[in-house]
Q: 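So that we are looking at the same thing, I have put the structure below in structure tokens.
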Amino acid sequence: MKTLVISGGSSGIGKATASLFAERGWRVFELSRHGGDEAKVERFEAKDAGEIIHVFCDVCSEESCHAAIEEVWRQTDHVDVVISNAGYGISGPIEFTDIPAAEHQMDVNFMGAVRFTQAVLPQLRQQRRGRIIYTSSVAAILAVPYQAFYSASKAAINAFALALANEVREFGISVSVMMPGDVSTGFTDARDKSSAGEEVYSHAHKAIATMEKDERSGMKPVQMAKLFYHIATCRSPRPQYIGGFSYRIFCLLDRILPKRLVNWLEYKVYS
């Protein structure tokens with residue numbers, strides 16, 4: 001039985017991914033703050049189906065990450081794929097964003113991935129194989145106004161993953177990022193929205209409302225789960241994947257067109 005370890009697997013894309021892998025016969029260790037401190041097992045009745053094992057993990061705590069991975073290795077002798085998926089979003093004008101809020105955004109989305117990676121790497125090195133996949137975002141390429149810190153955290157993930165890939169290549173470990181476009185999940189309602197400064201930045205309210213409308217009418221989480229499964233099982237995974245055909249077109253245009261033009265077009269969309 002192949003083994004997946006996924007952080008942020010209790011809701012949204014993470015939950016859909018954990019379920020899909022388990023339905024296809026994998027043992028899934030779902031690491032999150034939800035579901036309590038005790039390990040819980042969810043088994044699937046379908047023939048050859050796997051199971052989901054919940055393990056408590058707070059990616060903002062180095063101690064918690066290491067304790068969670070120790071529990072994983074207590075229950076299995078190998079890990080095939082690791083998905084770093086934990087994250088959340090904040091929104092609001094840069095000028096009026098509280099520094100602690102911005103720091104927490106980076107701590108969860110970026111440093112959380114770093115802590116998670118440092119916890120899993122020793123065992124992956126020893127077994128000399130494995131795949132690490134990070135959930136990034138199209139916002140890492142097409143930075144979204146009034147989501148600057150979220151976009152920055154995902155851009156940091158992209159750079160981190162490329163550097164890591166060359167560091168761990170000699171140990172038989174591959175590294176990829178998956179960048180979803182708009183996906184309809186609870187992520188939208190969970191966003192930490194600040195209205196501070198909206199009386200100054202006249203486009204802020206409309207921009208955030210447009211963004212949330214696009215998310216609510218976006219792709220289903222299972223579409224991203226299927227892409228994760230492809231990355232996990234294909235013969236030679238690429239460094240970066242974009243979730244959604246239209247978003248692949250947008251990112252291609254970003255490479256072809258002058259950056260000034262692309263950024264102006266984004267301004268028109270969100271103003």
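Along the sequence shown, residues carry numbers from 1.
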Q: Could you list the residues that satisfy side-chain contact (heavy atoms from CB on, under 4.5 Å) with Thr233, not counting sequence neighbours?
A: Trp26, Tyr229

Q: Does any donor atom in the side chain of Thr188 or Glu215 lie under 3.5 Å from an acceptor atom in the other side chain?
A: yes

Q: What's the shortest heavy-atom distance between Arg125 and Ile173, and which atoms?
A: N-CD1, 4.0 Å

Q: Ignoring hydrogens and angles, tell me if any N or O in the side chain of His54 forms a donor-acceptor pair with the backbone of His34 under 3.5 Å.
A: yes

Q: Can you give me the closest heavy-atom contact between Thr135 and Phe228, atom names plus distance?
A: OG1-CZ, 3.1 Å

Q: Check whether Gln127 reaches the backbone of Val79 with its side chain - one donor and one acceptor, N or O, closer than 3.5 Å.
A: yes

Q: Using modelled atom types and a 3.5 Å cut-off, is there a donor and acceptor pairing between side-chain atoms of Thr185 and backbone atoms of Gly12?
A: no

Q: Running the 4.5 Å side-chain criterion over Ile, Leu, Val, Met, Phe, Trp and Tyr, what cluster does Tyr150 land in, apart from itself?
A: Phe187

Q: Indicate, with yes or no, if Ile83 and Tyr88 share a hydrophobic cluster defined by side-chain heavy-atom contacts under 4.5 Å among Ile, Leu, Val, Met, Phe, Trp and Tyr.
A: no

Q: Ser61 and Arg115: which non-hydrogen atoms are nearest, and at how many Å?
A: C-CD, 3.9 Å

Q: I'd like to check the side-chain hydrogen bond (donor to acceptor under 3.5 Å, both in side chains) partners of Glu199; sequence neighbours left out, ordered by chain and number.
A: none

Q: What pairs with Tyr270 under side-chain hydrogen bond (donor to acceptor under 3.5 Å, both in side chains), at least two apart in sequence or on another chain?
A: none

Q: Test question: given the 4.5 Å side-chain rule for I, L, V, M, F, W and Y, name all other residues clustered with Ile256, or answer none.
A: Leu252

Q: What pairs with Tyr267 under ring-ring contact (aromatic ring centres under 6.0 Å, His included), at least two apart in sequence or on another chain?
A: His203

Q: Flag the pair Lys2 / Val81 as yes when at least one side-chain heavy-atom distance between them is below 4.5 Å, and no otherwise.
A: no

Q: Could you note down all residue pairs passing side-chain hydrogen bond (donor to acceptor under 3.5 Å, both in side chains) where residues 166-177 supplies at least one of them, sequence neighbours left out?
A: Asn166-Arg169

Q: Would you check if the side chain of Ser153 reaches a backbone N or O of Met106 as a donor-acceptor pair within less than 3.5 Å?
A: no

Q: Name all pairs fulfilling the salt bridge (charged side-chain N to carboxylate O under 4.0 Å, His left out) condition that reach into residues 224-239, sequence neighbours left out, sorted by first residue then second.
A: none

Q: Please enumerate all residues that pass ring-ring contact (aromatic ring centres under 6.0 Å, His included) together with Phe110, with sequence neighbours excluded.
A: Phe160

Q: Under the rule for side-chain hydrogen bond (donor to acceptor under 3.5 Å, both in side chains), what residues qualify as partners of Ser136, not counting sequence neighbours?
A: Asn158

Q: Tabulate below the donor-acceptor pairs under 3.5 Å that side-chain atoms of residues 94-102 make, not counting sequence neighbours, or state none.
A:
{"residue": "Glu95", "atom": "OE1", "partner": "Tyr201", "partner atom": "OH", "Å": "2.6"}
{"residue": "Thr97", "atom": "OG1", "partner": "Pro93", "partner atom": "O", "Å": "2.8"}

Q: Suppose we screen for salt bridge (charged side-chain N to carboxylate O under 4.0 Å, His left out). Which residues come up paired with Glu212, at least two apart in sequence or across chains?
A: Arg191, Lys193, Arg216

Q: Using the ring pair (Phe, Tyr, Trp, His ring centres under 6.0 Å) rule, take His104 and Phe149 through it: C-alpha gap first, then chi angles, then the decisive distance, then the call.
A: CA-CA 10 Å; His104 188 58; Phe149 296 101; over 10 Å; no

Q: Looking only at non-hydrogen atoms, find the nearest pair between Glu198 and Ser194 and report the distance.
A: OE2-O, 4.0 Å

